Each structure stands twice: as C-alpha cells, then as structure tokens.
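Bear in mind that the values here come from a model prediction, so they are computed numbers and not experimental data. Order of listing sets the numbers, starting from 1, for every ligand and every atom in it. The figures that follow rest on heavy atoms only: side chains count, while hydrogens, waters and symmetry mates do not.
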Amino acid sequence: MSSPVRVRFAPSPTGFLHVGGARTALFNWLFARHNQGTFLLRIEDTDKSREHDQAVQVIYDGLRWLDLDWDEGAGVGGNYGPYFQSERNAIYENYLQLLQTKGVVYSDEGALRFRSARKSVIVDDLVCGRIEFDRSTDPDMTIRRPDGSWIFHFVNVVDDIEMKISHVIRGEDHLTNTAKHIEIYEALGVRPPRFAHIPLILNRDGSKMSKRDEGSSITSYIEQGYAPEAVRNYLCLLGWSPKDNREKIEIEEVIKLFDLATINRRNAAFDLDKCNWLNGQYVLQMPLGRFWELSEPFVRKADIPISDQRYLFKVLEIVKEKIKFFRDVPDWIGYFFTEKYAFDPDAVAKTLKSPGALGRLRQLRERYAAQKDWSAAGLEAALKQLGAEVGCKTGDLVHPARVAVSGRSVGPSLYHMLEVMGQARALQRMGRAIQEFS
Ligand code: GLU
C-alpha cells in the first residue's frame, strides 16, 4: 500500500532550471522515496509564454538527467507527463465559485481579490519552526487578473488541495507566501498540508545565488559533462547531511536517512569546488560501462570513428583517471582512432625537434620492432634498457615517443598507451613522425 505522503515539484517554466529548484525537486523526491509516497511534477504555467515548450523541456531534461523520476501526471503507461496548470482552468473556475459563495472574493478594477481575514497567521513549519505572521494590515491579494489569468497563490493552493498534497517542501523564499496560502485554505475550510521550507542557497560571499552565478544552471552541468550522480550527491548536501562528515554517499542511503527533521535550518553555502571534487571522486570510482555511457553523447557528437568496441574500452580504461568532465573525453581519446591526428607545434618543438631526438626515436622504433612482449611492463623495460645502453635519460626517449604516437605532450602513461595501440599501429606512427620531422 502506498503511504499517504504525496509531494510535488511545482516549477514555473522560465527556461532555466536553477540549482535551488533542482535541490527542491530532489528533497521532495527523497522524502517521497523515503516514505514510499508519491512524487509528482506540476508545471506552473499560468502565464503561458511563447517559449513554453522549450522551457518545459529544460525542466524535463534536468530532472531526467538527475534521475528524479515522477510518479504521476496526465500521461499514461509509465510515461507520465506532468500536470500543467494551463490545462486546469475548469478546476480553478470551480474553486473560484466556491470562494465567491463564501463571500471572500470581490472585484476591483476588473481584477478579483481575496478578502483577507486580517489577523495573524501561524505557519507551523517542519524546518523553520512556528512563525507568526501579522496579516492585519496587508493589502488583499489578487487571485485573478483582469485578463482572466490566475495568480500563483490561488492556483497553487487549489492544486495542492486537488492533488492531495500532504507536504509542501519548497524554498524558504516562499515562507511569507505560505501565510497568504493558509488564509485561502481557511476560507475554503480545508486543512492545509504540512509545510517544510528549505534553506536558501547562498554564494560563498553570503549573497543569494542568482541566475548569473557560476554553477547555478543545471543545464551547464549537463553540457560540461558532470556525472549526474555526483551533482545529485552534491545537491543532497545543500541543506542536509548524513551527520557523520561523509560527503560521498550513495543515493539509496540518502533515501534511507533522509527526513524533514534532518534538514538544516541554516542557509546552505554553494561551493562549486566541492561539487567538482565530488565529481572527480565519482568519475574515478565508476565502472567502465558507466564511464562510457556518460562519455558516449560527447564522443558521438565529436564524430570519432569508433569501430572496435574492445579497443575503445581499453582506451577508456587508460584515460579514465585523467578525465574530470565528460565533455573532455573526445579530446583525450580522439588520436587513438585516427591516423590523421594533429601535432601540437609546441610539443614538437620541445621534443622531436630537439637535438638528437629523432635519432633516439629511430633506435627506439627498431628496438620496439623486435619487441616480443608488447605489454606496458615489457615496453617500459625495453625503453629503459635502451636508455642505459645509449646513455640518455628515460625522458629523452619517452617524450619524443609520446609526441610521435599521439601528437601531444600529455596523455596517459606512454607504455600503457603503446600497449593499447598495439605494435603495428605504434611502429607505423613512430615511422611516420620520423619521416615528417626529419
Ligand atoms: N511555481 C512556484 C515556484 O517555482 C512553486 C512554489 C511551490 O513549490 O509551491 O517557485
């Protein structure tokens, strides 16, 4: 049996999914999953703009990327669409009539206003505690504009009633709205849901995080190729913690531990460095299959010609520890898959063009042509042996060889790179570089 916990994420489609919004969605989702309750998505699109569909898509993309699945909506067959306020006009008309029969609605220059009871309202919040709002002097709120469109306060309350929302979990910036909302509930004679206002997310300098701040848009994480599980983990820590100093924590465990009583009262400080650090930890520890899954869209977009899956996975295995963001994967692996890799002029000048370099590379190539054991360890031993024989430093052989086979001065360990490329390809590349730069 499903529990009576019913929560919702209710974004307005602004074309932007803010970190704070994503965190609100996440906390609702965690609370629903912890209680085996229901999490639903409601798009608050009462002012339907021209960019509507695209703006809704940004919300879907963000939630799907974070793997925050919703349970209910107007769709069918496990493929639920969300609720759209723009499709619920008849419901709002009914509730308006209800309020009208109670005599708390009047029209004022075409707009409809709600007559406040002008008293103090208590918000008994599960995070912020009991707060009293004096509403005796506040102006009456508008619930419908002269053009017939609805105001947020009214439709938000109607939907929470209609959707049987048990807990409203949203940002602390809505706290004063909640006092207004409670007045509408009282006028309708409906018991309000429980409220949990979660702390604001602030920049490190204490200012409120805005759209312009780095790291504020979920789209930017998607485009840079963060690991979604890392970002989701980071968002968990914005106002919540497992209370034992752990930072990397699996989502299943967060679900187990998460409760509204464990949300911090204090504002959360946004720290992109910490998010990046967590991302690095996830990338380092993730299985290769997952690593490829997250790299693939970027690799496809870069048109890297991959025909051999086994070769691909060997390449991924040796570059994995170098990768911070998946967007960078094509650049790290591209030269493994084409013979037309570009030579970085700086790297060439410092290595292949330095005195004696090509001669040494020729000798190394000869040694490697006769090499039986084409393993990283075997290749390392052979290279060091040659270095000792000709009396040069290991680096004097390693650097030119690296630039010859990859065109660049940074990459995974040379020996592993050669092992993965295979003998034929490696010799061919060295030979070509010797010719080209002689
Ligand atoms: N559409 C409102 C917002 O995006 C919803 C607030 C709420 O969760 O009730 O801020």
- Task: Look at atom 5 (C) of ligand 1 and say which protein heavy atom is nearest, naming residue and atom and giving the distance to 0.1 Å.
- Result: Ala10 O, 3.1 Å
- Query: Can a salt bridge be assigned to the pair Arg204 and Asp273 using a cut-off of 4.0 Å between side-chain N and carboxylate O?
  - Reply: yes
- Flag the pair Asp69 and Arg33 as a salt bridge only when some basic side-chain nitrogen lies within less than 4.0 angstrom of an acidic carboxylate oxygen. yes
- Note on the structure: Honestly, for Phe9 the part within reach of ligand 1 (heavy atoms, under 4.0 Å) is neither
- What residue and atom, counting heavy atoms only, is the protein's closest point to atom 6 (C) of ligand 1, and at what distance? His174 NE2, 3.3 Å
- If we number the atoms of ligand 1 from 1 as shown, the ones under 4.0 Å from a heavy atom of Glu44 are 1 (N), 2 (C), 5 (C)
- Message: For Glu247, is there an ion pair with Lys274 - N to carboxylate O distance below 4.0 angstrom?
- Response: yes
- With a 4.0 Å cut-off, would you call Glu186 and Lys102 a salt bridge? no
- Output yes when Arg432 and Glu339 qualify as a salt bridge under the 4.0 Å nitrogen-oxygen rule, no when they do not. yes
- Starting from atom 8 (O) of ligand 1, find the nearest protein heavy-atom neighbour and note its residue, name and distance. Arg8 NH1, 2.8 Å
- Query: Does Asn156 come within less than 4.0 angstrom of ligand 1, counting non-hydrogen atoms of the residue?
  - Reply: yes
- Any salt bridge between Arg246 and Asp244, counting N to O under 4.0 Å? yes
- For atom 9 (O) of ligand 1, which candidate among Arg170, His197, His18 holds the nearest heavy atom? Arg170
